[in-house]
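Okay, so here's the structure we're looking at.
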Amino acid sequence: MSSTEPENTASPRFLDRPVVAKARRYFPVVAFVCGFLWDAITLGNQIKPSDLFILLGYLAGAAAILTMIGRGVTFRGSQYLNTVLQFFFGGIFSALFIFYFLSSSDLPGYLFVIGLAALLIGNEFLESAYSELTLSWAFFTLSAIMFFNFALAHLFHSVSTFWFYLGTLIAALLVVGLRQLSRHDSASIKPSIVLALLVLVLHFFNVIPPVPLVKKEILVAHDLRKEGNHYVGAIESPGWRFWRSSAPVFHRKAGERVYCFTSVFAPNGIETTIRHRWQRYDANREEWLEAGTVPVHIAGGRRGGYRALSYKSNATPGLWRVIAEAESGAAIGIVLFEVEIGDRARPKSVKL
């Protein structure tokens, strides 16, 4: 008597269907675009406590999954741990990209942001590599450092560099703890420690943008004064001048001051001092010369940013710039302009 196995006529799983399998190749790109747009819309241009709680959830979830992968925990659905880990890292990096982009004002800061963008895009294609814990721990270390850079500033209402160093130390200790819980002897945290040291070096040289401070406005103006709850003054339209510097012109009359206005957002409760560094370009020496530094006290919490100004009397004709910088020296905003002696060209009244 013979027996035969019943023919399996069940439909293939949804994810294994040819059409779906083909479409899955485009999932990373779609996930990247949708995730970035969602964060850009929901996070806006300010850093809210709720945003930090969401990021903390992502970070805690990533730590839990790395612990399970490191200890070889298996259960029904454990094959999707890498996918969930990819989602957590993607959520962290996309938010960080938005925040650090908003705080960037110079080339080093933008280069750092481009690096975050590269990690964000790369994350969408690294799902299968997350079981290699060496790489995953490095991603976790960078995520934790950048997160604590925000969280400690909010918690202690301070943008002191001490909190950045402390946050980096906490991130390093967390990855050491993940290594201790892991049973994968071949995985290493050395790249994670090297990465933490590299971030400290970048911070020392002011490459990392001064989060959570965000520039809202920086400009030069005529006759700037405070009236009630607003600043009132006049600015000049840059006009079209292809044959000369692209910097807008400030036409200064004899004895007139050049005002620099800044509006910087800081989270509620944070008080700090920023600096307006006035610099004049020396064409003969081809370098920027210091022309004075003005400390400006700011307090956080105002939705449109804390407004402050400084001025320069008798600014000589030529190319100038004002750098608004944090106490650490990292640039918050830069305004470039050219001073000429004469009447104003196309002045426009503004209320700031």
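Count residues from 1 along the sequence.
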Verdict with supporting geometry, Arg307 and Arg302, side chain to side chain contact (heavy atoms under 4.5 Å, CB included) = CA-CA 9 Å; Arg307 299 163 300 173; Arg302 187 176 184 272; 3.6 Å; yes
Could you go step by step and tell me if Val232 and Arg225 meet the side chain to side chain contact (heavy atoms under 4.5 Å, CB included) rule?
-> CA-CA 5 Å; Val232 178; Arg225 61 194 182 279; 4.1 Å; yes
Report the C-alpha distance between Phe87 and Tyr58 in whole Å, list the side-chain angles of each, state the deciding distance to 0.1 Å, and finish with yes or no for ring pair (Phe, Tyr, Trp, His ring centres under 6.0 Å).
-> CA-CA 9 Å; Phe87 170 80; Tyr58 288 159; 5.8 Å; yes
Step by step, would you call Phe140 with Phe88 a ring pair (Phe, Tyr, Trp, His ring centres under 6.0 Å)?
-> CA-CA 10 Å; Phe140 179 84; Phe88 286 148; over 10 Å; no
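Leu181 is not connected to Phe139 by any chain of hydrophobic side-chain contacts under 4.5 Å among Ile, Leu, Val, Met, Phe, Trp and Tyr, and they are in different clusters. Placement of Ile334 and Val207 in two distinct hydrophobic clusters is found when ILVMFWY residues are connected by side-chain heavy-atom separations under 4.5 Å, directly or transitively. Using a 4.5 Å cut-off between side-chain heavy atoms of Ile, Leu, Val, Met, Phe, Trp and Tyr, with links allowed through other members, Val194 and Phe112 fall into different hydrophobic clusters. Both Val84 and Val73 are assigned to one and the same hydrophobic cluster, defined by single-linkage of ILVMFWY side chains at heavy-atom distances under 4.5 Å. Leu198 and Phe93 fall within the same hydrophobic cluster, defined by Ile, Leu, Val, Met, Phe, Trp and Tyr side-chain heavy atoms under 4.5 Å apart, directly or through other members.
Looking at His157 and Glu271, their side chains never bring a donor and an acceptor atom within 3.5 Å of each other. Side-chain atoms of Thr293 and Trp278 include no donor-acceptor pair closer than 3.5 Å. No side-chain donor from either of Thr161 and His203 sits under 3.5 Å from a side-chain acceptor of the other.
Taken from CG in Asp282 to CG in Leu289, the straight-line distance is 5.0 Å, to the nearest 0.5 Å. The CG atom of Leu213 sits 6.5 Å away from atom OG1 of Thr272, with the distance rounded to the nearest 0.5 Å. Taking CG of Asn149 as the start and CG of Leu166 as the end, the distance is 11.0 Å to the nearest 0.5 Å. Atom-to-atom distance recorded for His276:NE2 and Cys260:SG is 4.5 Å, nearest 0.5 angstrom. Summarising the geometry, atom CG belonging to Leu352 is positioned 13.5 Å from atom NZ belonging to Lys216; distances are rounded to the nearest 0.5 Å. Atom NE2 of residue His297 and atom CD1 of residue Ile274 lie 10.5 Å apart, to the nearest 0.5 angstrom.
A distance-only check finds a donor-acceptor pair linking the side chain of Arg275 to the backbone of Ala326 [under 3.5 Å]. With Lys312 contributing its side chain and Ala291 its backbone, the two residues share a donor-acceptor pair below 3.5 Å. Side-chain N or O atoms of Glu236 include one that pairs as donor or acceptor with a backbone N or O of His251 at under 3.5 Å. Between the side chain of His184 and the main chain of Ile69, a donor-acceptor pair closer than 3.5 Å is present. Proximity of a side-chain donor or acceptor of Ser104 to a complementary backbone N or O of Pro209 within less than 3.5 Å is not detected. With hydrogens and angles ignored, the 3.5 Å screen pairs no side-chain donor or acceptor of Ser182 with any backbone N or O of Arg179. Using a distance-only test at 3.5 Å, with no hydrogens or angles considered, no donor-acceptor pair links the side chain of Gln180 to the main chain of Gly177.
The shortest heavy-atom contact between Ile145 and Ala171 is CG1-CB, 3.5 Å. Contact record, Trp320 with Thr316: NE1-O, 2.8 Å, taken as the closest heavy-atom pair. The two residues Gly255 and Asn314 make their nearest non-hydrogen contact at CA-OD1, 4.0 Å.
Sparse packing is recorded around CZ of Phe205, with 12 or fewer heavy atoms of other residues, nucleotides or ligands lying under 6.0 Å away. More than 12 heavy atoms of other shown residues, nucleotides or ligands fall within 6.0 angstrom of atom OH in Tyr281. Glu287 CD: more than 12 foreign heavy atoms inside a 6.0 Å radius.
Under a 4.0 Å N-O distance rule, the pair Glu325/Arg277 qualifies as a salt bridge. Remark: Lys215 does not engage Glu217 in a salt bridge, criterion side-chain N to carboxylate O under 4.0 Å. We find that Glu340 and Arg252 are not joined by a salt bridge, their nearest charged nitrogen and carboxylate oxygen being 4.0 Å or further apart.
Between Phe164 and Phe148, the ring centre distance reaches or exceeds 6.0 Å.
Put simply, the side chain of His154 reaches to within 4.5 Å of the side chain of Leu52, judged on heavy atoms. In this structure, Pro210 and Val159 have side chains that are not in contact, with every pair of non-hydrogen atoms separated by 4.5 Å or more. Side-chain atoms of Leu200 and Tyr165, non-hydrogen and from C-beta on, do get closer than 4.5 Å to each other.
Judged by the 6.0 Å and 45° rule, Arg321 forms a cation-pi pair with Trp288.
None of Phe156, Tyr100, Phe53 except one satisfies the ring-ring contact (aromatic ring centres under 6.0 Å, His included) rule with Phe150; the exception is Tyr100.
For Ala172, the side-chain contact (heavy atoms from CB on, under 4.5 Å) test picks out Ile193, with sequence neighbours left out.
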